[in-house]
Amino acid sequence: MQISVIGQGYVGLPLAVAAAKADFKVLGIDIDKAKISLINQGFSPVEDISDSELGSIVKSGNYQSSSESNFSADTKIICICVPTPLGSNHQPDLSILRAAAKDVGRNLKAGMLVIIESTIQPGTTREVVVPILEKESGISRDQFLVAYSPERIDPMNKKFTIKNTPKLVAGLTPEAAAKAKEFYSKFIDQVDICDSLEVAETAKLLENSFRLVNISFINELAIFCQKIGIDVNDVIKAASTKPYGFMPFYPSVGVGGHCIPVDPLYLAEAAREVGAPVRFIELADEINLAMPTYFVGRASEMLGGLKDKKVLVIGVSYKPNVADIRETPVEALISGLKKSGAVVSWHDDLVKSWNGEISVAVGSGFDLAILATPHDYLDLSLLGNTPLLNTRGSK
Ligand SMILES: NC(=O)c1ccc[n+]([C@@H]2O[C@H](COP(=O)([O-])OP(=O)(O)OC[C@H]3O[C@@H](n4cnc5c(N)ncnc54)[C@H](O)[C@@H]3O)[C@@H](O)[C@H]2O)c1
């Protein structure tokens, strides 16, 4: 069966690869010509897919990629995996999804199944995507199938992969839900149907809002613990001995990545629109955005001011052991340090080069080192006697 996956990023490429391995004939489409050229040369742009894995599915003849937004009339399923970011006003921006839906609509034929995987507000599939598909294709919603299935991929998580992470699906009609379930069940162990598109859309937003709220809470608690001279990690370890009703979250310089700092704002906006604001999300967002400034203050306290102080920031990606710098809170940390007059260098051998600067070696010769993102490969003993500010919890 021929399928097409729109968007070959962190979500779309692993989906395309999993489907190709399950013997679907997959066309991966991405408007980013450089990304498609990389894929065509056998280089994977995402860490979860190795070059050899990509090479072997290309060799099998089950995967092709293209920067043209056209798929053939024989295509049975189209999955949309494009970004749903925040705009410059820190509000949801659906323009990329709308553009992708237009492209799909132009190629849409009766009987095809369109599945949205991008994270969106409740009502977006039904009220935004379906009307665009109808308008662009000239056929009505009862002639094609539409489903929503949120992605739960956790980049570089070796334990929970696309195969063993349960997948939610919901359909505009029961037939669409059933067809989507049938498709994913070919390469995912557990696929659960939700009662409506809106339930599945909101479930994804709940999952990510739950993380943002709890991480922001633990970050506030970490500030309190530091003030009274205890390590929040010792507190979390002690509380974790409770076998029920507690789940540990850990401190940091803030949340990053394309999902956790972004998706909850989609829920917050939808909630405001219906007059039922989710204040926890708004507060968590505020706390999250304030964490880098808090650590700039801690650094300044440790050094008695930051003017002309040499500071090394260690780990700049948004989470350990990945090279992804999207929405990384370390960017605000570095700019805050610079604004306070510090001379800032950073080290991250996974990211290597970023914002026109390159990673420097870990070593002595700095007034202060700040551990922002603790990758497993790091050897902090190379810092010698350099004072260390650990954003992951310290007394
Ligand atoms: N990254 C994650 O871990 C993750 C996890 C769960 C859900 N999501 C959600 O999945 C969606 C995609 O995220 P991602 O991380 O894969 O983004 P990404 O930026 O890695 O990839 C998206 C790709 O879509 C391409 N694109 C944009 N417009 C297009 C168009 N009109 N036609 C074809 N390609 C187009 C971009 O060039 C890009 O390569 C988002 O809604 C995100 O919230 C992401």
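The side-chain heavy atoms of S252 and M291, taken from C-beta on, include no pair separated by under 4.5 Å. Put simply, the side chain of M112 does not reach to within 4.5 Å of the side chain of K76, judged on heavy atoms. You'll find the side chain of L86 stays beyond 4.5 Å of the side chain of D93, heavy atoms only. The shortest distance between side-chain heavy atoms of L312 and I370 does not fall below 4.5 Å. Using a 4.5 Å heavy-atom threshold, the side chains of S4 and I29 count as touching. Counting heavy atoms from C-beta on, the side chains of M156 and N321 never come closer than 4.5 Å. A heavy-atom distance below 4.5 Å is found between the side chains of Q226 and Y294. For the pair L15 and Y184, the minimum side-chain heavy-atom distance is below 4.5 Å.
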Audit row: Q41, S37, side-chain hydrogen bond (donor to acceptor under 3.5 Å, both in side chains) steps and yes/no: CA-CA 6 Å; Q41 290 169 57; S37 153; 3.0 Å; yes
Derivation of the side-chain hydrogen bond (donor to acceptor under 3.5 Å, both in side chains) call for S65 and D30: CA-CA 8 Å; S65 62; D30 202 297; over 6 Å; no
Pair L333-V296, side-chain contact (heavy atoms from CB on, under 4.5 Å): steps then yes or no: CA-CA 7 Å; L333 173 69; V296 172; 4.1 Å; yes
Derivation and outcome, side-chain contact (heavy atoms from CB on, under 4.5 Å), residues V316 and W354: CA-CA 9 Å; V316 300; W354 177 48; 3.6 Å; yes
CA sep, side-chain torsions, deciding dist, call: R272, E282, salt bridge (charged side-chain N to carboxylate O under 4.0 Å, His left out): CA-CA 11 Å; R272 267 196 311 276; E282 288 162 11; 2.9 Å; yes
Stepwise side-chain contact (heavy atoms from CB on, under 4.5 Å) check, V5 with L27: CA-CA 6 Å; V5 180; L27 174 66; over 6 Å; no
Candidate pair E357 and K338, rule salt bridge (charged side-chain N to carboxylate O under 4.0 Å, His left out), full reasoning: CA-CA 14 Å; E357 296 174 359; K338 285 180 177 170; 2.9 Å; yes
Verdict with supporting geometry, V351 and W346, side-chain contact (heavy atoms from CB on, under 4.5 Å): CA-CA 10 Å; V351 174; W346 56 267; 4.3 Å; yes
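Each of T119, T125, T124 was scored for a side chain to side chain donor-acceptor pair (under 3.5 Å) with E201, with one residue passing: T125. When I281, L206, V255 are each tested for a side chain to side chain contact (heavy atoms under 4.5 Å, CB included) with P264, only one passes: I281. A side chain to side chain contact (heavy atoms under 4.5 Å, CB included) with C225 holds for exactly one of V235, D231, I218; it is V235.
From K319, atom NZ reaches atom CG of D154 across 3.5 Å, with rounding to the nearest 0.5 Å. Note that the CG atom of L197 and the OG1 atom of T173 stand 9.0 Å from one another [nearest 0.5 Å]. Atoms CZ and OG1, from R152 and T161 in turn, are 13.5 Å apart once rounded to the nearest 0.5 Å. Taken to the nearest 0.5 Å, the NZ atom of K25 stands 4.0 Å off from the CG atom of N62. Atom CZ of F71 is separated from atom CD of Q2 by 10.5 Å, given to the nearest 0.5 angstrom. Summarising the geometry, atom NZ belonging to K35 is positioned 12.5 Å from atom OG belonging to S67; distances are rounded to the nearest 0.5 Å.
Proximity of a side-chain donor or acceptor of Y318 to a complementary backbone N or O of A323 within less than 3.5 Å is not detected. K352 places no side-chain N or O within 3.5 Å of a backbone atom of S359 that could act as its donor or acceptor partner. Side chain of S317 to main chain of V322: a donor-acceptor pair is present (N/O by atom type, distance under 3.5 Å, no hydrogens or angles). A donor-acceptor contact shorter than 3.5 Å links the side chain of T75 to the backbone of S72. Remark: side-chain polar atoms of Y266 are paired, donor with acceptor, to backbone N or O of P85 under 3.5 angstrom. At distances below 3.5 Å, at least one donor-acceptor pair connects side-chain atoms of E151 with backbone N or O atoms of I153. Distance alone, capped at 3.5 Å, places no donor-acceptor pair between the T165 side chain and the I162 backbone. The main-chain N or O of I260 is never found under 3.5 Å from a side-chain atom of R211 such that the two would form a donor-acceptor pair. Under a 3.5 Å cut-off, the side chain of S44 and the backbone N or O of I49 do form a donor-acceptor pair. Side-chain atoms of S149 never come within 3.5 Å of backbone atoms of V169 as a donor-acceptor pair (strictly under, hydrogens ignored).
A salt bridge links D103 to R106: one of the charged nitrogens lies within less than 4.0 Å of a carboxylate oxygen. A salt bridge is absent between D192 and K167; no separation between the charged side-chain nitrogens and carboxylate oxygens falls under 4.0 Å. Look at E134 and K102 and you find no salt bridge, because none of the NZ, NE, NH1 or NH2 atoms lies under 4.0 Å from a carboxylate O.
Connection of Y63 to M1 is established within a shared hydrophobic cluster, with ILVMFWY side chains joined at heavy-atom distances below 4.5 Å, either directly or through further cluster members.
In this structure, F249 has its ring center under 6.0 Å from that of F210.
Within a 6.0 Å sphere centred on CG of D195, other residues, nucleotides and ligands contribute 12 heavy atoms or fewer. Within 6.0 Å of the CD1 atom in I358, the count of heavy atoms belonging to other residues, nucleotides or ligands does not exceed 12.
Using bins of under 30°, 30° to 60° and over 60° for the plane-to-plane angle, the ring pair Y377/H375 lands in the parallel bin.
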